[in-house]
Participant: 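Submitted below is the structure of interest, expressed as structure tokens.
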Amino acid sequence: MLTVLFAASLLTTSSLAGPISDAGRSLSGLVDSPALFPRGNGCSASGNLPTSCGNTTAVENLCCFEHPGGLLLQTQFWDTEPANGPADSWTIHGLWPDKCDGTYDSFCDPSRDYKDISQVLSSNDASDTLNFMKEYWLDRDGDHDKFWKHEWSKHGTCMSTIKPTCLSDTEHGADAAAYFDTTVKLFKDLPTHKWLADAGILPTDNQTFTYDALAEALKKGKGVSPRIDCKDQTLKEVVWYFNVKGSAMAGEFIPIDAPEGKKGSCPKDNIKYTPKSTKAKGKNPKKGKKN
Ligand SMILES: *[C@@H]1O[C@H](CO)[C@@H](O)[C@H](O)[C@H]1NC(C)=O
Ligand SMILES: *[C@@H]1O[C@H](CO)[C@@H](O)[C@H](O)[C@H]1NC(C)=O
């Protein structure tokens, strides 16, 4: 089915970039030009579409314009109790479509709560994405598939541009595959650990950091300020904010500063950035509430 779409696209486009996706599914990587996707339903005008949350008049085609969840959050964990994922990388929490005012819808379409995300990804040519997720998108209690299902049903099903009606691919769960592809692709471009390390900020038990030092290092990395969250004094989560021009599957993510009042929960100084390696692995004693 995809082959047909791409072949047809090639006929009408001179500047096709070719498959660039290392996130697995060629669909999200190939169609870097939002004009190509999804075909035949108005996205060809997406070059003139406003950026999400930036429209001044109503936009008709919500396959090409993320609405109402036009404020996209790529959330990342630093999990040390138990240590989760590589010692030198943060891990994925999710991709969340908040409304432009920071509130959000959740669990938007129970009919698309797919049971087995691993299976859905495998049957949608997204095995590379799945393999990446097994390393970088991890549940604290080890139930990764359940965690992925939760993120998809709570947040993914609320994205207007990632709906079956926006896809030419009719395979069961193609929308979920597009959500996970998109999230993984975005995460790969947000190396939080590296940006902190570049500023000399490495996980350690014998030093603490100021909020300003963390914020400055991350701003230097991406050019915008994320939300930085702590639990007590310890660094736990970073949230990168975006608007998107065109479909989230194929359009352009535009990084923005965390909105006013969303700078996070860390204290001003004495922030701990705990190494993963020194903590014993094991069951999380407190089962946390999932967002
Ligand atoms: C932006 O587009 C949405 C979707 O059509 C619409 O509901 C909203 O009112 C628009 N915003 C403005 C300021 O026109
Ligand atoms: C501080 O911790 C780091 C890594 O955790 C270690 O490499 C370094 O030797 C320690 N420095 C001191 C002064 O203990």
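Order of listing sets the numbers, starting from 1, for every ligand and every atom in it.
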Participant: Does any part of the side chain of His172, heavy atoms only, come nearer than 4.5 Å to the side chain of Ser123, both counted from C-beta?
Facilitator: no

Participant: Check ligand 1 for close polar pairs with the protein: N or O on both sides, less than 3.5 Å.
Facilitator:
{"from": "ligand 1", "atom 1": "2 (O)", "to": "Asn55", "atom 2": "ND2", "distance (Å)": "2.3"}
{"from": "ligand 1", "atom 1": "5 (O)", "to": "Val59", "atom 2": "N", "distance (Å)": "3.0"}
{"from": "ligand 1", "atom 1": "5 (O)", "to": "Val59", "atom 2": "O", "distance (Å)": "2.7"}
{"from": "ligand 1", "atom 1": "7 (O)", "to": "His67", "atom 2": "NE2", "distance (Å)": "3.4"}
{"from": "ligand 1", "atom 1": "11 (N)", "to": "Asn55", "atom 2": "ND2", "distance (Å)": "2.9"}
{"from": "ligand 1", "atom 1": "14 (O)", "to": "Thr56", "atom 2": "O", "distance (Å)": "3.4"}

Participant: Examine the side chains of Glu237 and Trp90 and answer whether a donor and an acceptor come within less than 3.5 Å of each other.
Facilitator: no

Participant: Considering only distance and modelled atom types, tabulate donor-acceptor pairs under 3.5 Å from the side chains of residues 210-223, sequence neighbours left out.
Facilitator:
{"from": "Thr210", "atom 1": "OG1", "to": "Ala213", "atom 2": "N", "distance (Å)": "3.0"}

Participant: Apply side chain to side chain contact (heavy atoms under 4.5 Å, CB included) to Asp79 and list each qualifying residue two or more places apart in sequence or on a separate chain.
Facilitator: Phe77, Asn84, Arg140

Participant: Not counting sequence neighbours, which residues clear side chain to side chain contact (heavy atoms under 4.5 Å, CB included) with Leu186? List them please.
Facilitator: Gln74, Leu95, Leu190, Phe242, Phe253

Participant: Can you tell me if Asp98 and Tyr241 form a side-chain donor-acceptor pair at under 3.5 Å?
Facilitator: no

